[in-house]
There are 4 protein chains.
Amino acid sequence: MSLADSRPQQRGPARGRPRSEAVERAILEGVMKLLEDGVSLAELSIERIARTAGVGKATIYRRWSGKEELFVDVMRAAEPPDPELPGTSMRDDLVVLLESMRLRGLANRSSAIMHNVHAQMKSSPKIWAAYNTSVIRPRRERGLEILRRGQRDGELRSDIDLELANDMFVGPMLVRAVLRPDMELPEGLAERIVDTALAGLRPVSPPGG
Amino acid sequence: MSLADSRPQQRGPARGRPRSEAVERAILEGVMKLLEDGVSLAELSIERIARTAGVGKATIYRRWSGKEELFVDVMRAAEPPDPELPGTSMRDDLVVLLESMRLRGLANRSSAIMHNVHAQMKSSPKIWAAYNTSVIRPRRERGLEILRRGQRDGELRSDIDLELANDMFVGPMLVRAVLRPDMELPEGLAERIVDTALAGLRPVSPPGG
Amino acid sequence: MSLADSRPQQRGPARGRPRSEAVERAILEGVMKLLEDGVSLAELSIERIARTAGVGKATIYRRWSGKEELFVDVMRAAEPPDPELPGTSMRDDLVVLLESMRLRGLANRSSAIMHNVHAQMKSSPKIWAAYNTSVIRPRRERGLEILRRGQRDGELRSDIDLELANDMFVGPMLVRAVLRPDMELPEGLAERIVDTALAGLRPVSPPGG
Amino acid sequence: MSLADSRPQQRGPARGRPRSEAVERAILEGVMKLLEDGVSLAELSIERIARTAGVGKATIYRRWSGKEELFVDVMRAAEPPDPELPGTSMRDDLVVLLESMRLRGLANRSSAIMHNVHAQMKSSPKIWAAYNTSVIRPRRERGLEILRRGQRDGELRSDIDLELANDMFVGPMLVRAVLRPDMELPEGLAERIVDTALAGLRPVSPPGG
DNA sequence: GCCTAACCGAGACGGTACGTCACGTCTTTTA
DNA sequence: TAAAAGACGTGACGTACCGTCTCGGTTAGGC
């Protein structure tokens, strides 16, 4: 279900002409095209989006109540699918998870773009909450699940706070991918982060384990 | 020196009526007052700022070339001073540094505000660069300096990448302070992060082995 | 036959579902109700008319090509029937004719309303022409007929221009009824106008001199 | 004084940049140009007027609160000056007055135009009242003054209602000039109307006067 | 004690975008 | 095929700001 659903009520079997899915796609595609073409977020007006998508303004407002709500869906449409985890070990799963974050930072339809959309959403608490709930939170939950399993399997110290542990892995990657777009994201970064952080989180294994 | 300096040139000993510093303060104070009063960033127009500060629009444009440039100075004015480091050990210095980040996240004149200004600036690359250079970068450099000294003194493994190490400390705090305003920032968090990260970064053999 | 008739052609015995006359009435009644309720002409949109009448927009457009054409029919529906003339004399007939104009000006379903519809139609030459042909012209023709008979019967000088004479009667009433809605339309006005104008139009020598 | 005067208050000696008279003229000229070029009143949007006059929309709204208020001033600007009266007799004055109405109907910058503006204004009672007060009423008053003088000088029966008498002259001209744009307005019409109406209004002069 | 240049407030100016509304057309389902 | 419902592209509405530009009036030197 999309945020774009603001139909007043669903009384009965859908009366009147149904909304065109093609139009919906055209709008989202239009926004992404503009962003890729180097149009800054501040220059992106509803009016311009409508012109680009060959669509009336009202058609946009019928689906989204404003620029920010639209951007949530743009982000969602641009998000790559969550990676499949190997499941061989906690360490390997974490590497894959962080690697997907790295790739997202590099090549998310066009790296610098989503970045700004991201930033824009932050200045609207309501929208940020929506994005948080529907995108960020599930992803974080995935990391926590990996750690829980790792703790159960003895790959992680049992006295560790999982929330904090998660941030120990995710934080360093985020500093670079989100906050510092000018910083390099070299191949192997995910592995180095996981292994470095893990060094302090692993159980004190019996020396001759 | 402030970004607000855009006097055309300095030919001779300043002719005509000099710019009023009181006016400058009134503008910055006005912006902060508005933000504290719950006015969202999007609602903050130059026109409104001028009205609030009892100032002509041209008087603002004479000092800053636009909203973003003004916000950089607002941020700067609201930044708490960098903390004094104890210097007793790398670990203690890091704790103090992270603790200052935590406090910034909690109580920076009014926590959620600067947050948004921060976010806003990110969508203007030019301004972000300015802020980066004059605020972020020096602070990061401070962290790296601590780590360099720690490496020299044997508190940190010598084979470690300092940039990465820095992110191992800063990242977890940033995840919470910047990206997740809803997450708790309890007392002692700085200490826990430093100690946990340090566990994997300390030299294997005790320095004074 | 109504202006509302825009069926493409009448091939054969009318195929498909026939148009509902009830719908037609509902629309015209709806417009009049709205006007009586103080809704100004400018506020009267097709969309609102459809909503009020509980009718689809297309249903209106199927009958009239636009707002003005619809208003012509509204006017026609609201016009009181032409008065029956006594036929006792030219003077009496003229009094009755002008009296009906006076009443129209006072109480035409709701005085000020039709006024505005009238004014509106004037800014659309095409529609004005239609209204002119089907409503105004026949009424004028009736006045001229009275005058012709009067001239034949010796109640009117034979050298008089009938068109001009007609305007001498109709004009003064119109100035008040149409152009000056704030001006009083007292009982007996028709009689006074006719007698005053007639004073200069009667033959000098008594007919049966 | 113009209707265009909607300055909030006149506190003190006029602060801020004064409104440009050139802009005011450009707008009024623009409207008249458009009307002359055959643009119908319904097609005349504020947006289009602004485009034509090379002016921002706000600049128009700063002076007039809407289309109708603007049209009042357009009408005023297009009104020819009131004619100078010969003063030789009531009859001659009336002829000149009606002749000026005839010419207004024929050649008022472009006959059919002002017509429509006139009609448009009628559907907005408030505006019609303003136009009535500032244009219509003074002109009517002029006619009444002529009649009063005529009555004093013995050119008019003393028992006649002046308001009604005025309508006897003005009405016939108005029927043609305002309500029936298709009707001819031949030279000499004013004279014929005055003389015909006067026939019934003159004092019963002593036969051998 | 002037002169002059820049500052200051106010607010007009040509623009662009806002979010809403109505236009007249179209595409559904139901009758 | 009509009818109600409502989506669609279009374009005007009246408002708010944008950044620039006059205005009248300060407020400092430098003369």
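Each chain gets a letter, A, B and so on, in the order its sequence line appears, and its residues count up from 1. These values consider heavy atoms only, across backbone and side chains, with no hydrogens, waters or symmetry-generated copies.
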Rounded to whole Å, please give me the gap between [atom1] in [X] and [atom2] in [N].
X: R62(C); N: dA3(F); atom1: CZ; atom2: C1'; value: 6 Å
X: I60(C); N: dA5(F); atom1: CD1; atom2: C1'; value: 13 Å
X: R63(D); N: dG14(E); atom1: CZ; atom2: C1'; value: 12 Å
X: I27(B); N: dG9(E); atom1: CD1; atom2: P; value: 8 Å
X: E24(B); N: dC7(E); atom1: CD; atom2: C1'; value: 13 Å
X: R19(A); N: dG9(F); atom1: CZ; atom2: P; value: 13 Å
X: E21(C); N: dA2(F); atom1: CD; atom2: C1'; value: 14 Å
X: W64(D); N: dC13(F); atom1: CH2; atom2: P; value: 15 Å

Heavy-atom pair of closest approach, residues W64(C) and E69(C):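 Smallest interatomic distance, heavy atoms only, reads CD1-O, 3.6 Å.
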
Expected output is a numbered-order residue list: members of residues 38-57 of chain D with a heavy atom under 4.0 Å from any atom of DNA chain F. What is it?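 DNA chain F contact set from residues 38-57 of chain D: S45(D), I46(D), E47(D), R51(D), K57(D).
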
Taking the side chain as every heavy atom from C-beta outward, state whether D73(D) and V31(D) have any pair of such atoms under 4.5 Å apart.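 Result no, sub-4.5 Å side-chain heavy-atom pair not found.
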
Do T52(B) and I27(B) have side chains that get closer than 4.5 Å, going by heavy atoms?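 No, too far: nothing below the 4.5 Å cut-off.
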
Rounded to the nearest 0.5 Å, how far apart are [atom1] of [X] and [atom2] of [Y]?
X: I60(A); Y: E47(A); atom1: CD1; atom2: CD; result: 9.5 Å
X: R25(A); Y: S20(A); atom1: CZ; atom2: OG; result: 7.5 Å
X: R48(D); Y: I46(D); atom1: CZ; atom2: CD1; result: 13.0 Å

Would you call R19(D) and E24(D) a salt bridge, using N to O less than 4.0 angstrom?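 Looking at E24(D) together with R19(D), the answer is no, because their closest N to O distance does not fall below 4.0 Å.
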
Kindly point out which of dG14(E), dA4(F), dC7(E) is positioned nearest to the side chain of T59(C)?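 That would be dA4(F).
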
May I ask you to check whether H118(A) and F71(A) place their ring centers less than 6.0 Å from one another?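 When the ring centroids of H118(A) and F71(A) are compared, they turn out to be at least 6.0 Å apart.
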
Holding to side-chain hydrogen bond (donor to acceptor under 3.5 Å, both in side chains), I want the full list of residues that pass it with S40(C), two or more places apart in sequence or in another chain.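 Counting only residues at least two positions away or on another chain, S40(C) forms no side-chain hydrogen bond (donor to acceptor under 3.5 Å, both in side chains).
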
Along DNA chain E (nearest heavy atom to each residue), the more 5'-positioned of G66(C) and S20(D):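 Looking at DNA chain E, the more 5' nearest nucleotide goes with S20(D).
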
Quick tally for nucleotides 26-31 of chain E: nucleotides whose base has a protein heavy atom under 4.0 Å get B, sugar-phosphate-only ones S, the rest -, giving BBB-SB

